[in-house]
Amino acid sequence: CSSGEWSDINASCLCLPLIDWRPAVMLGVLDCAEKMNQKICSEFGITGYPTLKFFKAFSTKPEDGIRLYHHGDDIQSLRESIITSVESHEDVWPPACPPLEPISAAELRGFFQANNVTYLALIFEKEYSFLGREVTLDMLQFENIAVRRVLKSNEELVRSFNVTTFPSGFLLVKNGSYRSIPVNGDSRSLYTSFLRSLPRVFRGNAFRPTMLPTAEPTTAPAPWRVADRKKVYMADLESAVLYTLRVEAARFLHLDKERLFALKQYVNVLTKLDSHHLFQLPYARLPENPLWVGCQGSKPEFRGFPCGLWILFHLLTVQEALHSPNLASPSEVLPTMRGYVRYFFGCRECAEHFEGMAAESMDKVKNKDGAVLWLWSRHNRVNNRLAGTPSDDPKFPKIQWPPQDLCWSCQIVVNGRRMWDERAILRFLKAHFSRSNIYLDFIKREVELHKPLVRHSRDVEETEREVEQRLEQGEEENGKQDENEFEEDKKRIEKPESGRVTRRRSGLERSGLPELHKPSIVKMSTKTKDLEEDIVDLDTFNEQHYKSKALKMAGQPGNRHRRSKREVGLVRMEEESFNVDAAWERLKHKSWGGQQLIGAMEEEIEKENGVALRRNQWFHILGVGFSQLDVSLCIILYFLSSMCLLGMYTFFRMRMRYRKGRSMA
């Protein structure tokens with residue numbers, strides 16, 4: 001029996017009634033959402049939750065399992081399926097199973113001579129009834145009693161006991177007496193309780209539990225992480241991507257045509273998200289294990305991946321609306337989500353609910369803003385359906401989102417009724433799932449933050465050679481082209497398109513050199529790329545920017561022969577003088593965004609006219625790493641030091657005069 005953290009059917013619901021059926025039926029529960037169980041779940045072909053497989057006695061291979069559970073089945077249906085599977089043993093009847101077939105009149109006449117028991121309970125029922133077989137299995141562990149069923153079609157026994165109502169029960173005693181069982185209807189629990197209360201009926205020692213079963217997790221709980229619900233955490237996004245690719249997609253040993261197409265579409269959407277530079281962490285790898293921050297539940301079985309997947313899908317729809325050149329065109333994210341949930345989402349009951357919502361109205365969404373609102377409204381519908389159910393975290397109850405404390409303008413009152421304002425909601429969603437609201441808290445990077453300032457002298461030497469080659473070639477067309485491209489980039493930066501963030505072209509792009517490749521999350525690299533607005537690889541920025549700077553200045557007309565090795569020397573000096581540690585600490589402790597830091601650096605360096613260039617370069621070299629507070633503290637310390645020295649000088653001077661006066665006296 002396999003389950004998942006978000007399964008509506010809890011395996012413990014089966015454990016309680018089936019625990020009395022041992023050793024005829026043994027129940028094992030495996031959480032396939034746990035990483036340690038993924039291999040065995042894959043071997044047994046578990047692709048969704050919950051899955052219940054029945055293995056006949058003497059089974060030896062994972063392929064022998066018969067799937068029992070289907071969506072919509074309740075616990076009673078599952079028990080009946082198990083009984084039917086037990087009865088399918090035709091060749092060899094399992095020795096631990098009691099007889100489940102109906103008793104005949106001939107077998108009844110010699111029953112007490114063949115069986116050493118005091119009581120025999122007969123349950124008269126119709127052919128399709130499971131009551132007699134369920135009570136038989138319920139009483140399997142009890143000594144001194146046996147239970148058999150009698151079908152309505154057995155006219156001889158029905159006349160002998162004068163049975164007119166089905167189901168009905170009779171208790172036969174070894175001394176030859178019998179009486180009716182005082183239970184009306186088909187209440188299995190009442191029949192079982194009555195039979196267990198009979199004198200000299202007791203549970204066998206082999207089946208007395210030494211300890212009570214518990215559903216509490218045996219693993220240590222994860223440390224609690226305090227999260228701000230106003231923020232979107234990169235850890236949740238990384239973990240959701242990790243889980244979709246490494247767990248859910250990896251469950252399938254073979255992908256059919258439709259499932260493969262759905263996976264390709266999902267990866268393609270992630271690639272487009274990556275092109276918006278939401279994930280940009282050089283040398284990064286996806287984490288080995290999910291790390292939930294905003295989606296952490298009060299217990300391991302709550303929230304987690306389903307919450308992270310919702311956040312990821314919201315982010316995809318919002319980023320598509322913000323960055324798509326054609327807002328009026330249909331959304332690409334919604335059908336991709338639908339395909340992923342249909343073919344890969346582990347909770348199959350959840351997937352069927354989502355497919356029902358998609359079939360109902362997804363084709364009516366005409367543009368990308370509509371896709372943002374459609375997903376928001378369907379998420380609220382799911383929250384309303386699951387509120388108060390066993391899957392609802394009591395510490396984080398499912399509510400209609402966003403609440404007023406997050407967006408006070410999203411709800412309006414019309415004729416005394418509180419309603420949603422979709423225009424305000426759209427503005428809120430675009431702000432909440434924007435790049436500027438994604439935080440890197442609790443992420444442990446496997447990147448060396450303090451690297452040597454000049455990592456490879458070979459890179460500097462290659463820069464000198466490339467600059468000298470450009471100088472010797474003297475290609476005016478290349479210089480003009482570089483200058484024109486630089487001016488065009490500058491105009492785009494100064495006047496970005498409304499509603500979008502325009503990224504500066506890196507120095508390598510302007511110089512015509514290939515830009516260093518940074519691994520993408522969709523290529524199964526092991527950690528997602530860093531968020532460009534929050535984290536910058538300062539060493540990579542140094543190397544690329546100053547290297548391209550020297551090449552660009554060398555390619556400009558009129559400056560080609562005047563700026564040769566002197567500029568290369570300046571490049572090396574600036575690289576060596578650039579204080580990476582101080583700049584990183586500024587970014588880390590003063591909450592500077594990556595774009596702000598890059599902009600501050602480039603504004604100083606991009607001024608290239610005469611004295612301003614030299615002054616700003618040297619000011620940049622001397623001033624990087626010092627804030628206004630740092631300078632103020634330096635001035636105060638300098639003043640205090642001066643006053644201290646002046647006081648010491650005055651003290652010793654007066655002391656000397658005093659001693660001279662006493663000696664003369």
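As the structure is a prediction and not an experimental result, all values here were calculated from the model. As a basis for the values below, the full set of heavy atoms in this structure was taken, side chains included, without hydrogen atoms, waters or symmetry mates.
Aromatic ring centroids of Trp401 and His432 lie under 6.0 Å apart. Centroid-to-centroid, the aromatic rings of His314 and His379 come within less than 6.0 Å.
Scanning both residues, Leu334 and Ser331, for their nearest heavy atoms gives N-OG, 3.3 Å. The minimum heavy-atom distance between Ala249 and Phe344, with the atom names listed, is CA-CD2, 3.8 Å. Here the closest non-hydrogen pair linking Ala227 and Val293 is CB-O, 3.7 Å. Residue Lys398 comes nearest to Asp392 through the heavy atom pair N-OD1, 3.1 Å, listed as atom of the first residue, atom of the second, then distance. Residues Ser361 and Arg378 share a closest heavy-atom pair of OG-NH2, 2.5 Å. The minimum heavy-atom distance linking Val318 with Leu429 is given by the pair CG2-O, 3.7 Å.
Side chain of Thr51 to backbone of Gly48: a donor-acceptor contact under 3.5 angstrom is found. Not a single donor-acceptor pair under 3.5 Å links the side chain of Asn415 to the backbone N or O of Arg417. For the pair Asp236 (side chain) and Gly294 (backbone), a donor-acceptor distance under 3.5 Å is present. A donor-acceptor distance shorter than 3.5 angstrom exists from the side chain of Arg348 to the backbone of Arg342, with no hydrogens or angles considered. A donor-acceptor pair under 3.5 Å is absent between the side-chain atoms of Tyr233 and the main chain of Ile443, judged by distance alone.
Side-chain contact between Arg385 and His353: present, with at least one pair of heavy atoms (C-beta onward) separated by less than 4.5 Å. Looking at heavy atoms from C-beta onward, Leu426 lies in side-chain contact with Lys430 at the 4.5 angstrom threshold. Looking at heavy atoms from C-beta onward, Cys41 lies in side-chain contact with Leu30 at the 4.5 angstrom threshold. For the pair Trp310 and Val382, the minimum side-chain heavy-atom distance is below 4.5 Å. With contacts defined as side-chain heavy-atom distances shorter than 4.5 Å, the pair Leu373/Trp420 does not qualify. For the pair Ile46/Arg251, no side-chain contact is recorded, criterion being any heavy-atom separation below 4.5 Å from C-beta on. A 4.5 Å side-chain heavy-atom check between Tyr266 and Leu245 finds at least one atom pair inside the cut-off. In this structure, the side chains of Lys368 and Thr317 stay at 4.5 Å or more apart for every pair of heavy atoms.
Using modelled atom types and a 3.5 Å distance limit, the side chains of Tyr340 and Thr244 yield no donor-acceptor pair.
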- Before giving the answer on side chain to side chain contact (heavy atoms under 4.5 Å, CB included), spell out for Phe354 and Met337 the whole-Å C-alpha distance, their side-chain angles and the decisive distance to 0.1 Å. CA-CA 10 Å; Phe354 189 86; Met337 290 168 45; 3.9 Å; yes
- Task: Would you check, one step at a time, whether the test side chain to side chain contact (heavy atoms under 4.5 Å, CB included) holds for Arg303 with Phe396?
- Result: CA-CA 9 Å; Arg303 308 183 78 203; Phe396 301 93; 3.6 Å; yes
- side chain to side chain contact (heavy atoms under 4.5 Å, CB included) between Phe345 and Leu309: does it pass, once the steps are laid out? CA-CA 10 Å; Phe345 192 54; Leu309 190 64; 3.8 Å; yes
- Message: Pair Phe313, Leu316 - check side chain to side chain contact (heavy atoms under 4.5 Å, CB included), show working.
- Response: CA-CA 5 Å; Phe313 283 163; Leu316 290 172; 4.0 Å; yes
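One finds the CD atom of Gln400 at 10.5 Å from the OG atom of Ser377 (value rounded to the nearest 0.5 Å). Note: Gln38 CD to Glu248 CD = 10.0 Å, rounded to the nearest 0.5 Å. One finds the CZ atom of Phe433 at 9.5 Å from the CD1 atom of Ile438 (value rounded to the nearest 0.5 Å). Going from atom CG of Leu68 over to atom CG of Leu52 covers 4.5 Å, rounded to the nearest 0.5 Å. The CD atom of Gln404 lies 10.0 Å from the OG atom of Ser409; values are rounded to the nearest 0.5 Å. Between Leu263 atom CG and Thr336 atom OG1 the span is 11.0 Å, to the nearest 0.5 Å.
In this structure, Arg225 does not pair ionically with Asp441, as no charged nitrogen and carboxylate oxygen lie closer than 4.0 Å. Lys272 and Glu332 are joined by a salt bridge, as a carboxylate oxygen and a charged side-chain nitrogen come within less than 4.0 angstrom of each other.
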